[in-house]
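Because the structure is predicted, anything quoted here is derived from the model rather than measured. Numbering of ligands and ligand atoms starts at 1, following listing order. Quick note: numbers below take in every heavy atom, side chains included, and nothing from hydrogens, waters or symmetry partners.
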Amino acid sequence: MGSMMSLMFAERGIHIHFFDPSSTNEQELQSRARDANLTNKITQHDDHASLCSALGSPKVFIFSVPHGSVADQSIDDLEPHLDQGDIILDGSNEYWANTERRQARLAPKGVHFIGMGVSGGYQSARRSPSISPGGSKEALDFVFPFLEHFAAKDKLGRSCVAKLGPGGCGHYTKMVHNGIEQGLMSALCEVWGIMNAGLGMSFAEIADVFESWNKDGLLADNFLVGIGVEICRTKDKSGEYVLANIRDKVVQDADDTEGTGIWTVEEGIRLHVPIPTIAAAHQFRVASAYAARREAVQKSLKDGAVQPRAFDGDDKVFDKKSFLRDLHDATIFTFLMSFIQGMHLLARANDKHDWRMDFQSVLQIWRGGCIIQSDKIVDLLEQVYKHNCDSNNLLAHPQIADALGKRFPALKKVVVHALNADCHVPTLAASLEYYKYSGSTDLPTSFQEAELDYFGNHKYDLKTEDPGEPVTGKHHFEWKPARGLVDEKR
Ligand SMILES: NC(=O)C1=CN([C@@H]2O[C@H](COP(=O)(O)OP(=O)(O)OC[C@H]3O[C@@H](n4cnc5c(N)ncnc54)[C@H](OP(=O)(O)O)[C@@H]3O)[C@@H](O)[C@H]2O)C=CC1
Ligand SMILES: O=C(CO)[C@H](O)[C@H](O)COP(=O)(O)O
């Protein structure tokens with residue numbers, strides 16, 4: 001990412017000075033710079049002192065490093081050379097609280113630290129990524145014209161960057177982006193699995209379906225659907241589909257390369273915001289990482305493996321064309337749920353930390369250059385935020401209720417068929433249940449509340465009372481008095 005951004009800046013006239021502790025990385029960037037005829041715009045430095053002495057004032061740095069201690073180490077190394085007014089833009093995927101800790105560390109020196117989410121993978125980093133910066137107003141004002149110039153542009157030519165607010169809100173927004181990303185990717189792989197195993201469709205046929213989805217309706221121009229078409233069509237030199245040989249193993253959470261999905265789920269739990277679609281997607285891919293364990297379980301199953309099968313039923317009963325329409329609706333439903341849950345989390349964090357973010361700006365950042373680009377879904381959400389919505393409860397908005405309500409029967413049909421054929425639908429099913437329980441006023445949790453009161457005196461609300469806020473109820477029933485040995489002798 002770092003070398004791609006360096007090339008992008010250099011290509012547009014900015015002289016880049018860089019440092020990387022790995023000589024292999026340095027040589028790679030030099031070689032790419034030579035290929036792009038940019039060597040006069042890119043200068044390598046062998047230590048931080050040399051790097052800093054080459055820069056003007058204020059010095060502006062961009063980090064693109066693994067999350068965790070690397071940024072702390074880099075700050076340790078830079079600190080002796082930093083002056084008041086210098087700005088560090090951390091373009092890594094970093095935990096928002098680490099960003100705030102670094103801001104607090106550098107503030108007494110008058111050095112600004114901006115948590116700057118960068119999205120779109122290395123292809124976007126090379127051309128123009130989607131950028132979500134958060135930090136001090138002074139530093140954001142200073143770098144904004146520069147970021148605006150380099151950020152991705154949407155269809156109307158507007159930049160996909162905004163001054164999001166103070167503290168760690170920029171990295172928080174990028175974290176939520178990646179949580180949503182996991183929800184979308186899971187939904188898409190689940191419907192791909194249903195088409196492939198359940199409906200027996202070839203990769204080429206699935207590509208055609210994804211292509212049609214990418215042209216019209218709420219999935220039009222969706223980035224992940226678009227690259228899905230190419231993935232389903234790409235063959236290697238031997239003429240085999242590349243996808244056909246890829247193991248079902250997503251490891252970047254399990255090996256700690258990436259933390260954003262983990263932090264999103266943790267934040268959902270910490271802030272009491274239900275994000276079941278995102279959490280299910282995350283758990284699914286974490287489970288997928290343990291391929292050897294899955295094989296061991298499969299061997300131990302007495303009745304054979306639980307593997308996805310072709311759907312039963314003859315063609316007269318099962319209309320494939322109409323089922324593909326249902327799959328389309330189920331995908332939209334689950335995509336929408338990923339966005340809604342992500343936005344609920346952001347709204348809660350925004351309230352808690354008093355970041356005063358503008359959610360329309362967040363949506364604008366996601367319009368171009370990033371992985372969750374879903375222009376039509378963002379159009380819908382933008383309308384919702386324009387018209388007086390409760391940002392903590394988007395499901396109650398009439399336009400969201402309409403978009404989900406009319407697709408719910410299709411999602412239900414897809415999940416039922418998938419369950420019957422043992423196809424995998426963790427996020428589709430989680431979205432379905434979330435919809436059901438979020439809109440129900442008759443949950444079986446009354447029984448759970450009774451059990452809690454029975455054994456723990458946890459108290460409850462009465463049905464006749466106002467639904468109220470999530471605070472402890474006023475009522476306790478003495479279901480069974482606590483009795484000791486003394487009581488038994490009586
Ligand atoms: N890949 C992607 O699609 C995206 C990645 N990101 C984020 O961008 C950041 C970079 O990702 P990516 O480019 O994929 O990862 P890479 O591993 O390719 O790059 C990370 C770079 O940091 C260097 N590094 C490691 N340790 C240190 C250190 N102690 N001091 C200085 N540099 C160090 C690495 O060197 P070495 O190779 O020697 O370890 C490498 O050059 C990450 O935070 C990632 O989450 C954000 C958006 C998209
Ligand atoms: O940040 C990114 C895109 O926006 C990176 O591609 C990242 O590797 C995605 O990781 P994950 O799916 O684990 O969140």
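- When side chains are defined from C-beta on, R348 does not count as touching H272, because their heavy atoms never get closer than 4.5 Å.
- For ligand 2, the atoms closer than 4.0 angstrom to any heavy atom of E258 are 7 (C), 8 (O), 10 (O), 13 (O).
- If you check the side chains of E190 and S186, you find a donor sitting under 3.5 Å from an acceptor.
- In this structure, the side chain of E258 does not engage the main chain of D253 through any donor-acceptor pair within 3.5 Å.
- Annotation for ligand 2: atoms under 4.0 Å from non-hydrogen atoms of H177 are 4 (O).
- Remark: among candidates V118, D20, N25, the nearest residue to atom 37 (O) of ligand 1 is N25, based on non-hydrogen atoms.
- Two rings, from F146 and F150, have their centers less than 6.0 Å apart.
- Checked for salt-bridge contact, D76 and R105 meet the test: a charged N lies under 4.0 Å from a carboxylate O.
- Looking at Q373, its side chain does come within 3.5 Å of a backbone N or O of C370 through a donor-acceptor pair.
- S130 contributes no side-chain N or O that, together with a main-chain N or O of G369, makes up a donor-acceptor pair within less than 3.5 Å.
- At a 4.0 Å heavy-atom cut-off, ligand 2 does not touch T257 at all.
- Using a non-hydrogen distance threshold of 4.0 Å, H282 does not register as a contact of ligand 2.
- The closest non-hydrogen atom to atom 13 (O) of ligand 1, taken over M4, E181, M1, comes from M1.
- Counting only heavy atoms, the protein never gets under 4.0 Å from atom 18 (O) of ligand 1.
- Both the backbone and the side chain of S64 come within 4.0 Å of ligand 1, judged by heavy-atom distances.
- Atoms of ligand 1 lying under 4.0 Å from any heavy atom of S22, numbered from 1 in the order shown and given with element: 38 (O).
- Scanning the protein for heavy atoms near atom 10 (O) of ligand 2, the closest one is Q252 NE2, 2.9 Å.
- Distance check for atom 15 (O) of ligand 1: every protein heavy atom is found at 4.0 Å or beyond.
- Among all non-hydrogen protein atoms, the one lying nearest atom 24 (N) of ligand 1 is P66 CD, 4.0 Å.
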Q: Please assess F61 against F19 for the test ring-ring contact (aromatic ring centres under 6.0 Å, His included), listing each intermediate value before the final yes or no.
A: CA-CA 11 Å; F61 302 88; F19 166 76; over 10 Å; no
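- Counting the atoms of ligand 2 from 1 in the order shown, those under 4.0 Å from a heavy atom of N93 are 1 (O), 2 (C).
- Each of V118, T173, V176 was checked for a side chain to side chain contact (heavy atoms under 4.5 Å, CB included) with S132, and the lone residue meeting it is T173.
- Between the side chains of D77 and Q73, at least one donor N or O sits under 3.5 Å from an acceptor N or O.
- The closest protein non-hydrogen atom to atom 27 (C) of ligand 1 is V70 CG1, 3.3 Å.
- D86 and K109 are not joined by a salt bridge, as no carboxylate oxygen comes within less than 4.0 angstrom of a charged side-chain nitrogen.
- The shortest contact between atom 32 (N) of ligand 1 and any protein heavy atom is with P21 CD, 3.5 Å.
- Around CD of E138, the count of heavy atoms belonging to other residues, nucleotides or ligands within 6.0 Å does not exceed 12.
- By the definition of a contact as any protein heavy atom under 4.0 Å away, atom 30 (N) of ligand 1 is in contact.
- Interface of I371 with ligand 2, defined as ligand atoms under 4.0 Å from a residue heavy atom, comprises 3 (C), 4 (O).
- Contacts between M175 and ligand 2, counted as non-hydrogen atom pairs separated by less than 4.0 Å, are absent for every part of the residue.
- Distance from atom 13 (O) of ligand 2 to its nearest protein heavy atom, with residue and atom name: R285 NH2, 2.6 Å.
- In this structure, the protein non-hydrogen atom closest to atom 3 (O) of ligand 1 is G121 CA, 3.2 Å.
- Distances below 4.0 Å separate heavy atoms of T260 from the following atoms of ligand 2: 14 (O).
- Looking only at distances, a side-chain donor or acceptor of H67 sits under 3.5 Å from a matching main-chain atom of D256.
- Residue contacts with ligand 1 for E258 involve side-chain atoms from C-beta outward but no N, CA, C or O (heavy atoms, distance under 4.0 Å).
- When heavy-atom distances to ligand 1 are checked against a 4.0 Å cut-off, N93 comes that close through both its backbone and its side chain.
- Test R126, K41, R12, R127 against L7 for side chain to side chain contact (heavy atoms under 4.5 Å, CB included) and you get one pass: R126.
- For ligand 2, the atoms lying closer than 4.0 Å to a non-hydrogen atom of M185 are 12 (O).
- Using a 4.0 Å cut-off to heavy atoms of S119, the atoms of ligand 2 that qualify are 4 (O).
- Nearest protein heavy-atom contact of atom 42 (C) of ligand 1 is V65 O, 3.3 Å.
- Using a 4.0 Å cut-off between charged nitrogen and carboxylate oxygen, E267 and K352 do not count as a salt-bridge pair.
- Residue, atom and distance of the protein heavy atom nearest to atom 3 (C) of ligand 2 are E181 OE1, 3.4 Å.
- A side-chain donor from one of S431 and T277 sits under 3.5 Å from a side-chain acceptor of the other.
- When heavy-atom distances to ligand 1 are checked against a 4.0 Å cut-off, K174 comes that close only through its side chain, counted from C-beta outward.
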